[in-house]
Amino acid sequence: MRKLAYIIIAAIVCSTILLSAKQKADKKENAIDKKVKALVSKMTLEEKVGQMTQITIETVSKQHGTATQQFEYDPIKLKEAITKYHVGSLLNVYDVALDIDYWHKMQTAIQDIATKDTRLKIPILYGIDGIHGANYTKGATIFPQAINMAATFNSDLVKKEGEITALEIRASGIPWNFYPVLDLGRQQLWPRLWETYGEDVYLDSKMGESYIEGAQGDDISEKDKVAVCLKHYVGYSFPLDGKDRTPAWIPERMMQEYFLPPFQKAIEAGAQTVMVNSSEVDGIPGHSNYHLLTEVLRGEMKFKGIVVSDWQDIERLYTRDKVADSPEDAVRMAVMAGVDMSMVPTDYSFYNYLLKLVKEDKVPVKRIDEAVSRILRVKYMLGLFDNPYPDENLKAKFATKESDAANLEAAQESIVLAKNDGNVLPLSKDSKVLVTGPTANMLSVLNGGWTITWQGNEESLYPKDKPTVLKAIQDKIKSGNVKYVQGTNFNKEINIDEAVNAAKDVDDIVLCLGENAYCETPGNINDLTLDTAQLNFANAMIKTGKPVIVLMIEGRPRIIRSIVDGAKAVLLAFLPGMDGGEAISDILFGYANPSGKLSVTYPRYPDDLMHYDYKPLEAAEGNTFNPQWSFGYGLSYTNFSYSNLKLNKPAFNKGEEISVTVEVKNTGNRKGKEAVLLYLNDEYGSVSRPVRQLKRFTKIELNPGESRTVTFKLNDYDLSFIGRQNKRIVEPGKFKIFIGNLSTEFTLLD
Ligand code: BGC
């Protein structure tokens, strides 16, 4: 009885706290709405259109930065942008990352002009692509890319990345990050695959939510938080031909079931800004898609924040897509479709055209007021009207040892051990190794695009204190035991014979293959197969008879079928970031136990690009699912066994919570982490159902011999899908649950 009373009191206290937190937030929002209304009523049309204009810092610069030349902004051009064109937002760097002091100097100059030299003193909203850390501030903590972060199946690490990145970006004086990328990674050729959280809807949604939780916290006006920007709404990641910025065909049902949910969840998690798909879906360019930008995003998804265009994409409605017959009409089309801010970004054309369009009644002032209100609202929410200046105190928290430790942990957990014949790994600390291949001795390849520069391929700009794979191995074992020969470049032979010779007196070969750094369109390829030069080189190494450990450092799963059998072990490292070299060598020599599982299916053939959640007909009547390795696959140096998969009941009514438990045991002799993945299959559905879909995951750590019971709770949403009428539905019937090698089933009653 006493226990019951305690529970009731606790419930009342909790709900009062929750209610008052919600009431507080509502009160704050109402106060902001009032301020916005009052400010908009004072603004001239020119000031309003200026708020909707975003230019890149290059437009107001004296000179760009290079390895040897300091970037310099131009105070005169900057003043002109803010005072004459009333520009409300700026973005990015002019080619290379800046040091934190220069960021402070520049941000102070920008906000000084905005708050001292303009009539209404509206602060500037500066945005940046902090894709895997504050990658445009020198010396920042640079995390593994998203394809890796997803492979950790550890949402705490993703949240931590969000926290650290937000702090380091805000410490640079910048309040707005164009991240996370929530595009679903279901096109393996796409050169931005590595920017995604992989091919699964649930994993993508969950990692997005965790990142936002870390980056935004409860209140984006906190000194160390930023506003996130969800990219790229929506359907960008699924180009038919795999090339960047090419058409996607995504019918309504698939859009709702696969591509929209990660954005919906992120909006529910508090995201205040969204960037538009630079490409087209079903023939409609993203920036002119009223249905998706207004009816779906605002109407159905209840998004209240800013929609910002992608780079130059409004103009491209005319110059590239040709759905507008003049640049002016392109502006009208985009604004009326629902774009609030134009990333113009190198001139004032948008400003001039939009002014003209409003004066000629082709765009109503009401629409302008709506867009400006959304922009000002975010500026208020960020606390910029109270203080838009960089915080000197945050510098002390920038790139700390603790942040680096979190980064190393993420890198270690993001690497997937795909093959380990006869437990060749971990290698003995006394073994003599030949380290070879094009990715062995470069930091850029571990990081990929959006690192220090857009393409991330300026090796000379990388920090000297971070090890490449080769350097990290030399640091880890006796350096006299390590030989290095490059062997090949990415697509041409360099000194294969020398490598074959060097292999003669070593115990093992660490063969580092993969891709050079790239980003967006320059990363387009015509063939997913790894370059012939690298495959030939790998075969020459295998022929030496020495155990070959293949290490893949790459942004997408390049096909390596012809060398997998000959390799004793395969480590899929993808893009593990600035601590990637160290993480890889930790795994190679057993200082860390691998626990990553694939966030994308690794194809065996270039023309057999399937996903783990394929439909029954893809594996019927002679069809097969036969990838090199499936999504969710990854080995460890220890073994985990699964038992006692149980449900709390055999049958459920709609709306009832389903509780699933399973016991996981470490049956090997090393401590290890295991990602426990729960998949569901709806056995019969009015729309064909995938053979399995991930619905929950967690990551646990177990000592040898230790076991743990893991509990997952499922609800109606997990059982739902988009029905024939294009509405989300739940159908009664049989469902199967799969965890590890076990399965069970339950019935959902009518
Ligand atoms: C990319 C965006 C990025 C923007 C600003 C575009 O090319 O598609 O992801 O945020 O540039 O740098």
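One-based numbering, in listed order, for ligands and for the atoms of each.
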Only one of Pro285, Ser288, Pro327, Ser309 forms a side chain to side chain contact (heavy atoms under 4.5 Å, CB included) with Ile314, so which one is it?
Ser309
Note the single closest protein heavy atom to atom 7 (O) of ligand 1, along with its residue, its atom name and the distance in Å.
Glu520 OE1, 2.9 Å
Could you tell me how the ring of Tyr94 sits relative to the ring of His64: parallel (under 30°), tilted (30 to 60°) or perpendicular (over 60°)?
tilted
Please classify the Val181 to ligand 1 contact at 4.0 Å (heavy-atom distances, strictly less than): side chain, backbone, both or neither.
neither
So among Val49, Val331, Ile368, which one has a side chain to side chain contact (heavy atoms under 4.5 Å, CB included) with Val363?
Ile368
Tell me whether the rings of Tyr211 and Tyr179 are parallel (<30°), tilted (30 to 60°) or perpendicular (>60°).
perpendicular
Does Arg245 have a non-hydrogen atom less than 4.0 Å from ligand 1?
yes
Compare Asp310, Thr521, Asp313, Ile128 and give the one whose heavy atom is closest to atom 2 (C) of ligand 1.
Asp310
Need the ligand 1 atom indices (1-based, order shown) with element for anything under 4.0 Å from a heavy-atom of Met275.
2 (C), 10 (O)
Geometric class of the Tyr85/Tyr351 ring pair [parallel <30°, tilted 30-60°, perpendicular >60°]
perpendicular
With heavy atoms only and a cut-off of under 4.0 Å, state how Arg192 meets ligand 1: side chain, backbone, both or neither.
side chain
Quick check: Asp129 and ligand 1, any N/O pair under 3.5 Å apart?
yes
Measure the distance from atom 9 (O) of ligand 1 to every protein heavy atom, then report the residue, atom name and distance (to 0.1 Å) of the closest one.
His232 NE2, 2.7 Å
Are any non-hydrogen side-chain atoms of Lys84 and Tyr348 less than 4.5 angstrom apart?
no
